[in-house]
2 protein chains.
Amino acid sequence: MDLPKKKILIADDEEDILEIVQYNLQQEGYDVTTAKNGDEALTKAKQLKPDLVILDIMMPKRNGVEVCQLMRSQPQFKDTLVIFLTALSDETNQVKGFDTGADDYITKPISTKLLVSRVNALFRRFQKTPEESGQGLLEFENLIIDPQQYVVKVSGVEVMLAKKEFELLHMLASRPGRVFLRNEILNQVWGNNVIVGDRTIDVHIRKIRQKLDMDCIHTVKGVGYKFTG
Amino acid sequence: MDLPKKKILIADDEEDILEIVQYNLQQEGYDVTTAKNGDEALTKAKQLKPDLVILDIMMPKRNGVEVCQLMRSQPQFKDTLVIFLTALSDETNQVKGFDTGADDYITKPISTKLLVSRVNALFRRFQKTPEESGQGLLEFENLIIDPQQYVVKVSGVEVMLAKKEFELLHMLASRPGRVFLRNEILNQVWGNNVIVGDRTIDVHIRKIRQKLDMDCIHTVKGVGYKFTG
DNA sequence: CTTATTATTATCAAATTGTTAACTGCTAAA
DNA sequence: TTTAGCAGTTAACAATTTGATAATAATAAG
């Protein structure tokens, strides 16, 4: 995965379950946070903006259904996936669960393998497109860098950059003002195990400067380069 | 329902189940078709292009898992939802089911209410607008792409494109300006597990360019292709 | 002024894509 | 049944672009 890890928040009052589920989801490469009750779940959800929330129904301080309802009433959680987790295999409760806006419903005792499968299935289907998930373009005073279109616009005029040039510029511009060491640049743009000569970066910087025809990449002698919008 | 009814295909060898499930889903406003075995399911799926397929695992002539695998290997069913339905509550089978690309897994005996809830939950989450699901026609300055009729018009003149050519053009044109990686193209147009040579995409691009006789597909070297209206 | 570092330029090799023709399997007409 | 034609794919080669390097000039730091 080149993309950032998916964030999952698990809320359950049983420590054992939290631990086991957390461990198993982390093994799958997810970024997992836990909460011990409904209130904590809500608070952490607001902070983290997780992609998925797994809610135990029976919890102290707001049960899972309440938490789900509250989340669904807030637009920021519109796209947050919700899975209910509960000992109640009773069908009426499951139907209620789905009606409050849950995306899945898993009954205890939990098979961790199955839970992981279901979580994967949800994410597999719910792949946001890059621009939806804000993988978006970098905008500056008279420079726009659009990784979707692989295009750079200088004062409205499209400028074609070659792949490496684009990636290098994109890296520098992703954190304006910050100085990138030559080593960092090599690692990110060329990859860890590629060996290229010392002057290669300079030449690419030169080409970018020439094509953009503006003074946005600054040399920090002995250190590296930085970008200023 | 605001949009045309969602189409659901149910495949099971037990008449009773087919009837009950069909009835209940129809009550919810879905357009339901049935199949009695795996082969029939595949045939009808190709005709109907359903939004959701509910597959019994144990069926004569291709079981549900086979049907799912076959569907998943074809790009046209990329966005088709799949629910497995089975008496096997055995966890290993469920995990396998999800791994073949299922979106949900319901065990018999079925509670129809619950099934309906799960179906609703799936559609609630993954409902796509017509143009997202590739149904709407794309119009540009002097180019019209109509996926309904599988027809392209350049400056009012109908141009015949072969299937792959059409799908490739349609994919690129569905997001003008956005660059599609060769890999993305392969996955969407050729399918996940189809292996074709490196030059195949180029040749198809070439043919499209030739037939359309206009400069709308642009190469981004080292990255992919993009369309501009 | 000397040295270390970066800028510039031209050149060449490598990677990528374009183009054409040929081959395969399938379908439909003769 | 044969044949012709088409879609899809591949192979082979041409054309193009990109990326890396070397050589040299310029520049800033001490």
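Basis for what follows: all heavy atoms, side chains included, without hydrogens, waters or symmetry-related copies.
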Participant: Between B:Trp190 and B:Val196, which heavy-atom pair has the shortest distance, and what is it?
Facilitator: CD1-CG1, 3.8 Å
Participant: Please, which pairs that meet side chain to side chain donor-acceptor pair (under 3.5 Å) have at least one residue in residues 168-180 of chain A, sequence neighbours excluded?
Facilitator: A:Arg178-A:Glu184
Participant: In residues 215-222 of chain B, what residues come within less than 4.0 Å of DNA chain C, judged by heavy atoms?
Facilitator: B:Thr219, B:Lys221, B:Gly222
Participant: Mind running a 4.0 Å heavy-atom check of residues 201-209 of chain B against DNA chain C and sending the residues that fall below it, in number order?
Facilitator: B:Asp202, B:Val203, B:Arg206, B:Arg209
Participant: So if I take every side-chain heavy atom of A:Thr200 and compare against C:dT6, D:dA20, D:dT9, which nucleotide ends up nearest?
Facilitator: D:dA20
Participant: Give a yes or no on whether A:Lys44 atom NZ has more than 12 heavy-atom contacts from other residues, nucleotides or ligands under 6.0 Å away.
Facilitator: yes
Participant: When we call it a touch if two heavy atoms are under 4.0 Å apart, what does B:Phe166 touch: a base, just sugar-phosphate, or nothing?
Facilitator: nothing
Participant: Round to the nearest Å and state the distance from A:Leu181 atom CG to C:dT5 atom C1'.
Facilitator: 15 Å
Participant: My understanding is that only one of B:Ile208, B:Val179, B:Leu168, B:Leu172 makes a side chain to side chain contact (heavy atoms under 4.5 Å, CB included) with B:Phe227; could you say which?
Facilitator: B:Leu172
Participant: May I ask you to test the B:Thr100-B:Phe84 pair for a side-chain heavy-atom distance under 4.5 Å?
Facilitator: yes
Participant: Donor-acceptor pairs are to be reported for all side-chain atoms of residues 14-24 of chain B against protein atoms at under 3.5 Å, with residues two or more places apart or in another chain.
Facilitator:
{"residue": "B:Glu14", "atom": "OE2", "partner": "B:Lys108", "partner atom": "NZ", "Å": "3.1"}
{"residue": "B:Asn24", "atom": "ND2", "partner": "B:Ile20", "partner atom": "O", "Å": "2.8"}

Participant: Under 4.5 Å between any side-chain heavy atoms of A:Ile8 and A:Val119, yes or no?
Facilitator: yes
Participant: Of the nucleotides D:dG8, D:dT9, D:dG19, which one has an atom closest to the side chain of B:Trp190?
Facilitator: D:dT9
Participant: For B:Lys46, which residues count as a side-chain contact (heavy atoms from CB on, under 4.5 Å) partner, sequence neighbours excluded?
Facilitator: B:Gln74, B:Gln76, B:Phe77
Participant: Please check if atom NZ in A:Lys211 has more than 12 non-hydrogen atoms from other residues, nucleotides or ligands closer than 6.0 Å.
Facilitator: yes
Participant: Using five pairs at either end of the helix from C:dC1-D:dG30 to C:dA30-D:dT1, determine the angle between the two local helix axes and round it to 10 degrees.
Facilitator: 20°
Participant: A:Tyr225 OH to C:dT6 P: how many Å, rounded?
Facilitator: 6 Å
Participant: Compare the minimum distances between each of C:dT17, C:dT6, D:dT9 and the side chain of B:Val196, then state the nucleotide with the smallest one.
Facilitator: D:dT9
Participant: Quick one, B:Lys78 and B:Gln188 - any side-chain contact, counting heavy atoms below 4.5 Å?
Facilitator: yes
Participant: Atom CG of A:Asp198 to atom C1' of C:dT6: distance rounded to whole Å?
Facilitator: 11 Å
